[in-house]
Amino acid sequence: MIMSEKIRFYRKKRGLSQQELADKLNVVRQTVSKWEQGLSVPDSQMLVALARELGISVALLLGEAELDDGNECDTCGLTLAENADNRNAESMGHFERQRKVFRAFFIVFAVFFAVFIFYDAADLIHCLFSEREIMQQNSVIGGAVSKTGIYIFNLPLCILRYAVLSLLLGLCVTGIYKTQKK
């Protein structure tokens with residue numbers, strides 16, 4: 001039997017209408033109807049609640065296990081619900097660890113980008129307000145006879161670099177905000 005047929009079979013076996021089952025699960029009747037028609041399937045949390053209301057195991061509902069005599073299993077649903085709760089807790093622990101790793105990643109890169117933005121801003125201010133000769137001091141090439149000044153400072157490139165670093169810093173700050181514990 002496929003899951004949609006099992007939902008219908010065990011619902012009727014428990015003497016429940018679609019509306020009564022829907023009320024117990026806090027869903028609309030159409031949702032139960034769609035499950036029984038095979039048009040949709042319950043999510044993992046709803047699957048545990050559904051199995052509990054039908055008095056069967058989640059494994060039986062999913063077709064992973066079959067009862068020998070086809071009778072209801074009073075403790076299977078509860079045991080599987082507890083197991084699902086344990087798995088859910090483990091999963092939440094995994095997500096919590098991931099959240100912490102991502103948060104640390106965003107903090108490290110935010111500091112990294114902030115330092116570079118400060119460096120770029122200091123360089124930009126220094127170059128904009130410096131005399132031309134000061135800008136040439138460290139950028140002179142040539143021989144003993146003549147010197148040729150080359151301007152290393154490129155204002156559009158510096159502004160672009162400053163904008164990109166600011167954008168990346170903004171993304172990191174957004175990441176820090178989104179990964180905060182709620």
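Summarising the geometry, atom CD belonging to Gln18 is positioned 11.5 Å from atom CG belonging to Asp23; distances are rounded to the nearest 0.5 Å. To the nearest 0.5 Å, atom CG of residue Leu54 and atom CD1 of residue Ile7 are 7.0 Å apart. Leu62 CG to Ile56 CD1: the interatomic distance, rounded to the nearest 0.5 Å, is 9.0 Å.
Glu20 meets the side chain to side chain contact (heavy atoms under 4.5 Å, CB included) test with Leu16, Ser17; sequence neighbours excluded. Annotation: ring-ring contact (aromatic ring centres under 6.0 Å, His included) contacts of Phe118 (sequence neighbours excluded): none. Residues satisfying the side chain to side chain contact (heavy atoms under 4.5 Å, CB included) test with Lys34, not counting sequence neighbours, are Leu39, Ser40. With sequence neighbours excluded, the residues that form a side chain to side chain contact (heavy atoms under 4.5 Å, CB included) with Asp43 are Gln45, Met46. Applying the side chain to side chain donor-acceptor pair (under 3.5 Å) criterion to Ser33, with sequence neighbours excluded, gives Gln37.
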Item to check | Test log, rule salt bridge (charged side-chain N to carboxylate O under 4.0 Å, His left out), inputs Glu5 and Arg8 | outcome: CA-CA 5 Å; Glu5 294 171 351; Arg8 181 181 302 114; over 6 Å; no
Item to check | Stepwise side chain to side chain contact (heavy atoms under 4.5 Å, CB included) test for Glu96 and Lys181 | outcome: CA-CA 9 Å; Glu96 179 64 17; Lys181 192 168 186 164; 3.8 Å; yes
Item to check | Candidate pair Glu36 and Arg11, rule salt bridge (charged side-chain N to carboxylate O under 4.0 Å, His left out), full reasoning | outcome: CA-CA 10 Å; Glu36 290 183 358; Arg11 176 184 58 80; 2.4 Å; yes
Next on the checklist: Evaluate Leu50 against Leu21 for side chain to side chain contact (heavy atoms under 4.5 Å, CB included), listing each step before the verdict.
Outcome noted: CA-CA 8 Å; Leu50 178 61; Leu21 182 59; 3.9 Å; yes
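Annotation for Arg99 and Gln180: closest pair NH1-C, 3.8 Å, computed over non-hydrogen atoms. Contact between Glu53 and Arg14 at its shortest, heavy atoms only, is O-NE, 3.3 Å.
For the pair Val48/Arg52, a side-chain contact is recorded, criterion being any heavy-atom separation below 4.5 Å from C-beta on. Two residues are said to be in side-chain contact when any heavy atoms from C-beta on lie closer than 4.5 Å; Val101 and Phe106 fail this criterion.
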Under 3.5 Å, sequence neighbours excluded: what are the donor-acceptor pairs made by side chains of residues 159-176?
from   : atom 1 : to     : atom 2 : distance (Å)
Arg161 : NE     : Asp120 : OD1    : 3.1
Arg161 : NE     : Asp120 : OD2    : 2.8
Arg161 : NH2    : Asp120 : OD1    : 3.0
Ser166 : OG     : Tyr162 : O      : 2.8
Thr174 : OG1    : Gly170 : O      : 2.9

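Placement of Leu61 and Val41 within a single hydrophobic cluster is found when ILVMFWY residues are connected by side-chain heavy-atom separations under 4.5 Å, directly or transitively. No path of Ile, Leu, Val, Met, Phe, Trp and Tyr side chains, each step under 4.5 Å between heavy atoms, connects Phe102 with Val111, placing them in separate hydrophobic clusters. In this structure, Tyr119 is not a member of the same hydrophobic cluster as Phe109, with clusters built from ILVMFWY side-chain heavy atoms closer than 4.5 Å.
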